[in-house]
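Note sheet for the following structure.
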Amino acid sequence: MAAPVIVEATVKQTATLIFMHGLGDTGHGWSSALAAVRPPFMKVICPTAPTQPVSLNAGFRMPSWFDLKTLDIGGPEDEPGIRAARDDIHGMINKEVSAGIPANRIVLGGFSQGGALALYSALTYEQPLAGVVALSCWLPLHKQFPDAKVSSDDVPIFQAHGDYDPVVPYKFGQLSASLLKSFMKNVTFKTYSGLSHSSSDEEMNDVKDIISKWQQSQIHHL
């Protein structure tokens, strides 16, 4: 796997954001936008997915966290690939924890396929994380939840989706959010009117606010 893009904290680091890009992108795709909205004490890690064939795109090789067979809600999923990618993300979290950043100061995030991986990785990580930023995405292997969950019920999730998304249907995001709300205590689902499969200034401002809020709520735990 290519080395991740890292945006160091501008003051003493006390928190980390690990953010996964969407299909066919790289860590560079999100690093500058995230650098602009993170608090100064937060390091940003934007890994690049391994290049592999993607069934959905006729087997073409591109950066992909796991194989996508279909974007149909009831369709087959690449369970071994999803689990392997999750293990890689858990390794990145553990590396930060080993470096002295507590799990509850680490935010996982992602867009599209990367957001799906962020949700799955957070719910299957034993220590409670600071929160999950899940943009234009879905919960993978959703039929296995809540049984597959090992995280605390309190991990906050901020899920965001444009209602004009032609790639990951808005309905898919809504269904994932309602399932998450059935077993997680702190799930926010925000709709961006007219937004397609992309981000917007409004959404990034919301991401900035929510990350800041989560970090404030963890200060008293330090």
Side-chain angles (χ1 to χ4, degrees), residues 3-49 63 65 89 92-93 95-96 99 101-119 121-122 128-138 155-165 167-168 173 177 180 186-222:
V5 178
I6 294 175
V7 184
E8 296 291 355
T10 54
V11 296
K12 178 175 163 43
Q13 182 199 355
T14 59
T16 303
L17 167 62
I18 302 172
F19 192 96
M20 281 74 79
H21 62 73
L23 183 68
D25 199 2
T26 69
H28 290 282
W30 281 88
S31 54
S32 55
L34 295 168
V37 299
R38 55 84 193 253
F41 53 77
M42 178 176 269
K43 176 167 92 172
V44 180
I45 302 174
C46 293
T48 294
W65 298 107
I89 302 310
M92 288 181 205
I93 299 169
K95 195 171 167 190
E96 289 301 295
I101 304 300
N104 68 5
R105 301 279 297 161
I106 298 172
V107 174
L108 272 195
F111 173 79
S112 193
Q113 188 194 37
L117 178 58
L119 281 172
S121 300
L129 298 167
V132 188
V133 173
L135 309 180
S136 308
C137 67
W138 68 95
V155 174
I157 295 170
F158 175 72
Q159 205 183 334
H161 219 112
D163 62 4
Y164 271 61
D165 192 329
V167 181
V168 178
L180 287 165
N186 187 353
V187 179
T188 303
F189 182 79
K190 177 136 189 208
T191 301
Y192 294 86
S193 179
L195 183 67
S196 64
H197 194 62
S198 62
S199 187
S200 66
D201 291 345
E202 183 193 358
E203 184 182 69
M204 292 311 288
N205 284 332
D206 289 340
V207 168
K208 179 179 185 173
D209 291 345
I210 199 86
I211 288 176
S212 174
K213 184 179 139 194
W214 289 343
Q215 297 300 326
Q216 288 301 323
S217 72
Q218 291 300 345
I219 295 286
H220 64 272
H221 293 304
L222 291 178

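Hydrogens, waters and symmetry mates play no part in the numbers below; they use all other heavy atoms, side chains included. For reference, positions follow the sequence shown, starting with 1.
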Query raised in the report: Where do V7 and L34 land on the side-chain contact (heavy atoms from CB on, under 4.5 Å) test, with the steps shown first?
Result: CA-CA 9 Å; V7 184; L34 295 168; over 6 Å; no
Requested in this report: Check step by step if side-chain contact (heavy atoms from CB on, under 4.5 Å) holds for L135 and F19.
Outcome: CA-CA 11 Å; L135 309 180; F19 192 96; 4.0 Å; yes
Report summary line: Sorted by chain and residue number, the side-chain hydrogen bond (donor to acceptor under 3.5 Å, both in side chains) partners of E203 (sequence neighbours excluded) come out as S199
Report task. Calculate, to the nearest 0.5 Å, the distance between atoms CG and CH2 belonging to L17 and W30 respectively. Result -> 11.0 Å
Query raised in the report: Would you say D163's side chain and G194's backbone share a donor-acceptor pair under 3.5 angstrom?
Result: yes
Requested in this report: Determine the minimum heavy-atom distance between G22 and S112, stating which atoms define it.
Outcome: CA-CB, 4.2 Å
Query raised in the report: Taking only residues two or more places apart in sequence or in another chain, which ones pass side-chain hydrogen bond (donor to acceptor under 3.5 Å, both in side chains) with H21?
Result: none
Query raised in the report: When rounded to the nearest 0.5 angstrom, what is the spacing between CD in Q13 and CD1 in I101?
Result: 4.0 Å
**Report entry** Stepwise side-chain contact (heavy atoms from CB on, under 4.5 Å) check, L180 with L119
**Finding:** CA-CA 10 Å; L180 287 165; L119 281 172; 4.0 Å; yes
Query raised in the report: What pair of heavy atoms forms the shortest contact from A130 to P156, and how long is it?
Result: O-CG, 3.2 Å
Query raised in the report: Quick check: does any side chain N or O of T48 sit under 3.5 Å from a backbone N or O of G27, one acting as donor and the other as acceptor?
Result: yes
Query raised in the report: In Å, rounded to the nearest 0.5 Å, how long is the span from CD1 of I45 to CD1 of I106?
Result: 8.0 Å
Report summary line: For P63 and A49, the nearest pair of non-hydrogen atoms, with its separation, is CB-O, 3.8 Å
Requested in this report: Take V37 and M42 through the side-chain contact (heavy atoms from CB on, under 4.5 Å) test and state the conclusion after the steps.
Outcome: CA-CA 10 Å; V37 299; M42 178 176 269; over 6 Å; no
**Report entry** Which atom of S121 lies closest to which atom of I89, heavy atoms considered
**Finding:** OG-CB, 3.7 Å
**Report entry** Exam field: side chain H161 to backbone V168, donor-acceptor pair closer than 3.5 Å
**Finding:** yes
Report task. Sequence neighbours left out, what passes salt bridge (Lys or Arg N to Asp or Glu O under 4.0 Å) with D206? Give chain and number order. Result -> K190
Query raised in the report: side-chain contact (heavy atoms from CB on, under 4.5 Å) with L129: which of V107, N104, I93?
Result: I93
Query raised in the report: Nearest heavy-atom pair of K43 and R38: which atoms, and what distance?
Result: CA-NH1, 4.3 Å
**Report entry** Spacing of I6 atom CD1 and T16 atom OG1 [to the nearest 0.5 Å]
**Finding:** 9.5 Å
Query raised in the report: Hey, does S136 have a side-chain heavy atom less than 4.5 Å from the side chain of Y192?
Result: no
**Report entry** Those residues that, when tested against A118, pass side chain to side chain contact (heavy atoms under 4.5 Å, CB included) (two or more places apart)
**Finding:** M20, L108, V132
Report task. For P4 and P47, work out which heavy atoms get closest and say how close. Result -> CB-CA, 3.6 Å
Query raised in the report: Can any side-chain N or O of Q159 pair as donor or acceptor with the backbone N or O of V187 at less than 3.5 Å?
Result: no
Query - Partner set under side-chain hydrogen bond (donor to acceptor under 3.5 Å, both in side chains) for S198, not counting sequence neighbours - result: none
Query raised in the report: What distance separates H197 NE2 from L23 CG, expressed to the nearest 0.5 Å?
Result: 8.5 Å
Query raised in the report: Can any side-chain N or O of R105 pair as donor or acceptor with the backbone N or O of Q215 at less than 3.5 Å?
Result: yes
Requested in this report: Kindly write out the residues that satisfy ring-ring contact (aromatic ring centres under 6.0 Å, His included) with F158, not counting sequence neighbours, or none if the list is empty.
Outcome: none
